[in-house]
Amino acid sequence: MRALWRAPLLWALRRSPEEIDRQARRFRIHTEQGRNLVAGVGSAFLGGFNAMLGRATFDEVAEDGTRVTPHFRPFFFEGAAMGYLPRGLLRSGARRRHAERDLLAMNPGFRYLYYVGLGFWFGMRSRRPSSLLALERHLDPIYYPLCYDGFGF
């Protein structure tokens, strides 16, 4: 059944890599360097989100992340974490109980950002911080509160 809905759902969930750049034009950034920095962060973040939705395997997502400029690479993996739970609508395997394991397997160096990215997704789909309780029993209790950081974005 997922295969039938994959294409329209993928179309609906994906975000344009230029979206952040367009949104940031309203910010008071006074230098070209500053605008490029915001555009780079946004492009990497949405690139990770879209890769998590569109790539067939987590290894492919991780490989895409290695091609991102090192300065922006953490934002790619944070975006990938945000895309982890909606990936479950498109493909089997992406589940709350496996989130930590699957994300850390891609690159354990971005642990902090994975929690923030998971929380960011909950913030995008719910206005209630209590919705994050659905993740609590599946995540390391030391890092779980970082989901609230992502929710707050």
Side-chain angles (χ1 to χ4, degrees), residues 9-10 12-29 33-91 93-153:
L9 277 173
L10 187 56
L13 289 168
R14 277 200 173 160
R15 307 303 292 234
S16 168
E18 293 82 31
E19 179 179 340
I20 303 295
D21 188 38
R22 284 193 309 271
Q23 296 287 335
R25 289 182 192 148
R26 298 186 312 230
F27 298 171
R28 291 184 181 191
I29 303 172
Q33 180 183 7
R35 284 186 286 281
N36 290 338
L37 182 62
V38 170
V41 167
S43 178
F45 182 85
L46 291 178
F49 179 77
N50 289 335
M52 184 58 81
L53 296 176
R55 291 303 205 173
T57 68
F58 298 122
D59 287 341
E60 290 175 340
V61 176
E63 187 177 318
D64 286 355
T66 65
R67 289 193 287 274
V68 174
T69 304
H71 184 73
F72 297 116
R73 191 172 297 151
F75 302 102
F76 175 92
F77 284 98
E78 182 181 18
M82 184 176 131
Y84 180 84
L85 292 170
R87 177 188 178 91
L89 300 169
L90 305 166
R91 302 179 186 286
R95 300 282 179 261
R96 291 175 186 164
R97 68 180 177 270
H98 300 301
E100 188 172 63
R101 178 199 71 194
D102 293 342
L103 293 169
L104 288 172
M106 286 193 315
N107 187 323
F110 299 112
R111 172 177 276 213
Y112 171 94
L113 294 169
Y114 294 145
Y115 288 89
V116 174
L118 288 168
F120 199 127
W121 173 250
F122 273 79
M124 295 287 289
R125 61 179 280 271
S126 171
R127 297 205 186 276
R128 297 173 299 106
S130 63
S131 67
L132 285 170
L133 293 171
L135 284 174
E136 185 176 25
R137 68 186 177 108
H138 304 292
L139 301 177
D140 185 319
I142 296 293
Y143 299 102
Y144 164 71
L146 293 170
C147 293
Y148 288 95
D149 186 37
F151 187 94
F153 270 101

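These numbers were taken from a predicted model, which means no experiment stands behind them.
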Val116 and Phe151: CA distance, side-chain angles, deciding distance, side chain to side chain contact (heavy atoms under 4.5 Å, CB included) verdict
CA-CA 7 Å; Val116 174; Phe151 187 94; over 6 Å; no
Would you call the rings of Tyr114 and Phe77 parallel, tilted or perpendicular, taking 30° and 60° as the class edges?
perpendicular
Tell me, please, which residues at least two apart from Arg73 pass salt bridge (Lys or Arg N to Asp or Glu O under 4.0 Å).
none
Could you give me the CA-CA distance, side-chain angles and deciding distance for Arg128 and Leu133, then say whether side chain to side chain contact (heavy atoms under 4.5 Å, CB included) is met?
CA-CA 10 Å; Arg128 297 173 299 106; Leu133 293 171; over 6 Å; no
When you measure from the side chain of Thr69 to the backbone of Phe72, do you find a donor-acceptor pair of N or O atoms at a distance under 3.5 Å?
no
I'd like to know if the side chain of His98 pairs up with that of Arg101 as donor and acceptor (distance under 3.5 Å, no hydrogens or angles considered).
yes
Test side chain to side chain contact (heavy atoms under 4.5 Å, CB included) applied to Leu89 and Leu53, step by step
CA-CA 9 Å; Leu89 300 169; Leu53 296 176; over 6 Å; no
May I have the step-by-step check of ring pair (Phe, Tyr, Trp, His ring centres under 6.0 Å) for Phe120 and Phe49, ending in yes or no?
CA-CA 11 Å; Phe120 199 127; Phe49 179 77; 9.0 Å; no
Can you tell me how far the CD atom of Glu63 sits from the OG1 atom of Thr66, to the nearest 0.5 Å?
6.0 Å
Residues Arg95, Asp102: salt bridge by 4.0 Å N-O rule:
no
Taking the side chain as C-beta and beyond, is there a heavy-atom pair between Met52 and Met106 under 4.5 Å?
yes
Just wondering, do Cys147 and Leu139 contact through their side chains at under 4.5 Å, heavy atoms?
yes
Can you tell me if Ser126 uses its side chain to pair, donor with acceptor, with the backbone of Gly123 under 3.5 Å?
no
Is Arg35 reaching over with its side chain to a backbone N or O of Ile29, donor-acceptor style, under 3.5 angstrom?
yes
According to the side-chain hydrogen bond (donor to acceptor under 3.5 Å, both in side chains) rule, which pairs have a member within residues 142-151, sequence neighbours left out?
Tyr112-Asp149, Tyr144-Tyr148
For a side chain to side chain contact (heavy atoms under 4.5 Å, CB included) with Leu103, tell me which candidate from Leu113, Val61, Leu118 qualifies.
Leu118
Please check: side-chain N/O of Arg87 versus main-chain N/O of Arg55, any donor-acceptor pairing under 3.5 Å?
yes
